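Below is one structure; the comments refer to it alone.
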Amino acid sequence: MRRFLKHFLVLLLLTAGVLTLADFCVTVGLRKSNALLFQSMTGIFSGSINADLVIIGNSRARRHIDPEIMDSVLSVDSYNLGQNGTGFRIQKMIYDLYRQHNQKPKYIVHIVGNGMFEEEDGLYERIKFAPYLNDSLVRATTRDVEGFDKIDYYLPYFKYSGFPNEIKAGLASFFGMNGASNMEVYKGFPKTNFDWNNVVFERFKNEFPHGTSLAISDELIEAMDAYIQSCKDDGIEIVLAYPPIYYEAKPYFHNDPQILNILKELALKNEIPFLDYADDSLSYSKENFADHVHMSSKGAEIFTKKLSQDLKNLFKTER
C-alpha cells in the first residue's frame, strides 16, 4: 500500500509538472500572439498600443471601424479595441486593462447599440482571455460571466482544454514559429472580406419570428454613466456613436428606440456628443451589410469615412 501511494504521488507530481510547463508555454506564447483573436489583448498587456484614439464596443465596433481610414482622415494614431459578442461589462474591462498598461488616449469613440445594457449570458470567444486569468481584473470580471469553470482559475492548463488549435498556436508562438505579422488584422480591425450572407438574417427571423426585446440592466446603465464621467474627469474626449443596422431588421428589435433614448440621455446628461446613424442612408442597401446587424467590407469602409469626417468636424468645433 505504501509503495502504491509512493508511485501514485510521483505520478501526480509528474502530471502536475507537465501541466504546469504546458500551461506556461501556451500562456507565454498566446501573450505574444499576433493572431486575429489575440492581437488586441497582446497589444493591451504589452503596453505597445498607446493610441491617440481608441474605439471601444462589440463586433459592430470591431468590424465597422477601420483605423487605417480613421488615421488618414483625422491624422491620429487610432486602434480598434472592439470585442465580438460583448456587452458593456466586458467592454469596460477592456478599456480599464488598456488604461492600466498603455498611455491615456486623447479620444474615445464608443460604438454603442441595442445590446449595450444586456448582461452577457456567456463569455464569447473566452479563449482569448485564458492567458490572462491571473490578472485580478480579468479574473474578477470573467467570474461574473458564464464561461470558465472554477478549476480553470486554480489549476494549470485546464483553461485551454477543448481548444487544440489555440494550444498549437500558443506553442508555435512560444518557440518563435508564428511569423512576424498577421495580414488578417490591422490595429484590431479584421481585414477579412465580408459580403451579404442571407442565411444569417433568415436564421435570425426564424428564431425570432415575432421579434425580440433585449434586456436592460439598470446596473450597467449606472456603470456606463460612471465610466463616461470618469473619462471626462480624466480629460478624455469621449463620443458615443450608434452605427447603422439593415433597415429590414429594425422592426424585429422592439425596444431599440428605448435603448437609443437611454444612450442619448446619458450623452446629454454628461454633455458629450452622440452621433446617431440608426436611420442613416447606409441602412437601406444590402450592399452595405454582411448580415442584418454587421456591415459588409464596402459598408464598413463608407461608414468609417463618414464617421471620421463627422468626428473631424466635431473636434474642430469643440476647439
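The model shown is predicted, which means the values in this text are computed figures rather than measured ones.
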Exercise. In terms of hydrophobic clusters joined by side-chain contacts under 4.5 Å, are Ile65 and Ile69 together?
Worked result: no
Exercise. Step by step, would you call Ile127 with Leu37 a side chain to side chain contact (heavy atoms under 4.5 Å, CB included)?
Worked result: CA-CA 9 Å; Ile127 187 62; Leu37 193 58; 3.5 Å; yes
Say whether, by atom type as modelled, one donor and one acceptor occur between the side chain of [X] and the main chain of [Y] under 3.5 angstrom.
{"X": "Asp52", "Y": "Asp77", "result": "yes"}
{"X": "Asn102", "Y": "Tyr98", "result": "yes"}
{"X": "Ser173", "Y": "Ala169", "result": "no"}
{"X": "Thr141", "Y": "Leu137", "result": "yes"}

For this session: Please step through side chain to side chain contact (heavy atoms under 4.5 Å, CB included) for the pair Val239 and Phe315, ending with a clear verdict.
Result: CA-CA 10 Å; Val239 177; Phe315 294 151; 4.1 Å; yes
Please report the interatomic distance [atom1]([X]) to [atom2]([Y]), rounded to the nearest 0.5 Å.
{"X": "Leu214", "Y": "Met116", "atom1": "CG", "atom2": "CE", "answer": "12.5 Å"}
{"X": "Leu263", "Y": "Leu268", "atom1": "CG", "atom2": "CG", "answer": "12.5 Å"}
{"X": "Lys187", "Y": "Ile49", "atom1": "NZ", "atom2": "CD1", "answer": "10.0 Å"}
{"X": "Lys232", "Y": "Asn270", "atom1": "NZ", "atom2": "CG", "answer": "6.0 Å"}
{"X": "Gln229", "Y": "Leu266", "atom1": "CD", "atom2": "CG", "answer": "9.5 Å"}
{"X": "Met70", "Y": "Gln309", "atom1": "CE", "atom2": "CD", "answer": "11.0 Å"}

Side-chain heavy-atom pair [X], [Y] within 4.5 angstrom cut-off:
{"X": "Ile55", "Y": "Leu81", "value": "no"}
{"X": "Leu275", "Y": "Leu307", "value": "yes"}
{"X": "Leu74", "Y": "Leu311", "value": "yes"}
{"X": "Phe24", "Y": "Phe174", "value": "yes"}
{"X": "Pro243", "Y": "Tyr277", "value": "no"}
{"X": "Ile228", "Y": "Leu240", "value": "yes"}
{"X": "Leu314", "Y": "Asp310", "value": "no"}
{"X": "Ser40", "Y": "Arg62", "value": "yes"}

Under 4.0 Å between a Lys/Arg side-chain N and an Asp/Glu carboxylate O for [X] and [Y]?
{"X": "Asp96", "Y": "Lys92", "answer": "yes"}
{"X": "Asp66", "Y": "Lys191", "answer": "yes"}
{"X": "Asp276", "Y": "Lys264", "answer": "yes"}
{"X": "Glu301", "Y": "Lys306", "answer": "no"}

Residue list, ring-ring contact (aromatic ring centres under 6.0 Å, His included) with [X], at least two apart or on another chain:
{"X": "Phe274", "result": "none"}
{"X": "Tyr157", "result": "none"}
{"X": "Phe253", "result": "Phe204"}
{"X": "Phe189", "result": "none"}

Could you check whether [Y] and [X], counting side-chain N and O atoms only, form a donor-acceptor pair closer than 3.5 Å?
{"X": "Asp71", "Y": "Ser78", "value": "yes"}
{"X": "Asp195", "Y": "Asn193", "value": "yes"}
{"X": "Asp280", "Y": "Tyr247", "value": "no"}
{"X": "Asn261", "Y": "Glu265", "value": "no"}

For the residue pair [X] and [Y], what are the closest heavy atoms and their distance?
{"X": "His292", "Y": "Trp196", "answer": "N-CZ3, 4.1 Å"}
{"X": "His64", "Y": "Thr304", "answer": "O-OG1, 2.8 Å"}
{"X": "Asn58", "Y": "Gln91", "answer": "N-NE2, 3.6 Å"}
{"X": "Lys104", "Y": "Asp234", "answer": "NZ-O, 2.7 Å"}
{"X": "Cys25", "Y": "Leu171", "answer": "CB-CD2, 3.8 Å"}
{"X": "Ile259", "Y": "Ile216", "answer": "CG1-CD1, 3.8 Å"}

Exercise. With a cut-off of under 6.0 Å to the ring centre and 45° to the axis, is Arg139 in cation-pi contact with Tyr153?
Worked result: no
Exercise. Can the positive tip of Arg63 be found less than 6.0 Å from the middle of the six-membered ring of Phe194, inside 45° of the ring normal?
Worked result: yes
Seminar exercise, completed: For residues 36-61, the ring pair (Phe, Tyr, Trp, His ring centres under 6.0 Å) pairs (sequence neighbours left out) are Phe45-His101, Phe45-Tyr132
For this session: Please list all pairs passing the ring pair (Phe, Tyr, Trp, His ring centres under 6.0 Å) test where one or both residues lie in residues 212-245, with sequence neighbours left out.
Result: Phe88-Tyr227, Tyr95-Tyr227, His110-Tyr227
Could I get the full list of side chain to side chain contact (heavy atoms under 4.5 Å, CB included) partners for [X], not counting sequence neighbours?
{"X": "Ser285", "result": "Glu287, Asn288"}
{"X": "Thr27", "result": "Asp23, Arg31, Pro131, Lys159, Tyr160"}
{"X": "Ser213", "result": "His254, Asn255"}

Exercise. Would Phe289 and Tyr246 count as a ring pair (Phe, Tyr, Trp, His ring centres under 6.0 Å) if you check the C-alpha gap in whole Å, the side-chain angles of each, and the deciding distance to 0.1 Å?
Worked result: CA-CA 7 Å; Phe289 289 87; Tyr246 184 52; 5.7 Å; yes
For this session: Verify the neighbour count for atom CD of Gln103: are there more than 12 heavy atoms of other residues, nucleotides or ligands below 6.0 Å?
Result: yes
Exercise. Partners of Glu248 by salt bridge (charged side-chain N to carboxylate O under 4.0 Å, His left out), sequence neighbours excluded?
Worked result: none
Problem set entry | salt bridge (charged side-chain N to carboxylate O under 4.0 Å, His left out) involving Lys205 - partner list, sequence neighbours excluded | Glu202
Problem set entry | Trace of the salt bridge (charged side-chain N to carboxylate O under 4.0 Å, His left out) decision for Asp225 with Lys269 | CA-CA 9 Å; Asp225 187 22; Lys269 175 187 174 184; 2.5 Å; yes
Problem set entry | Sequence neighbours excluded, every pair satisfying side-chain hydrogen bond (donor to acceptor under 3.5 Å, both in side chains) that has a member inside residues 116-131 | Gln83-Lys128, Asn84-Glu125, Arg89-Glu119, Glu125-Lys128
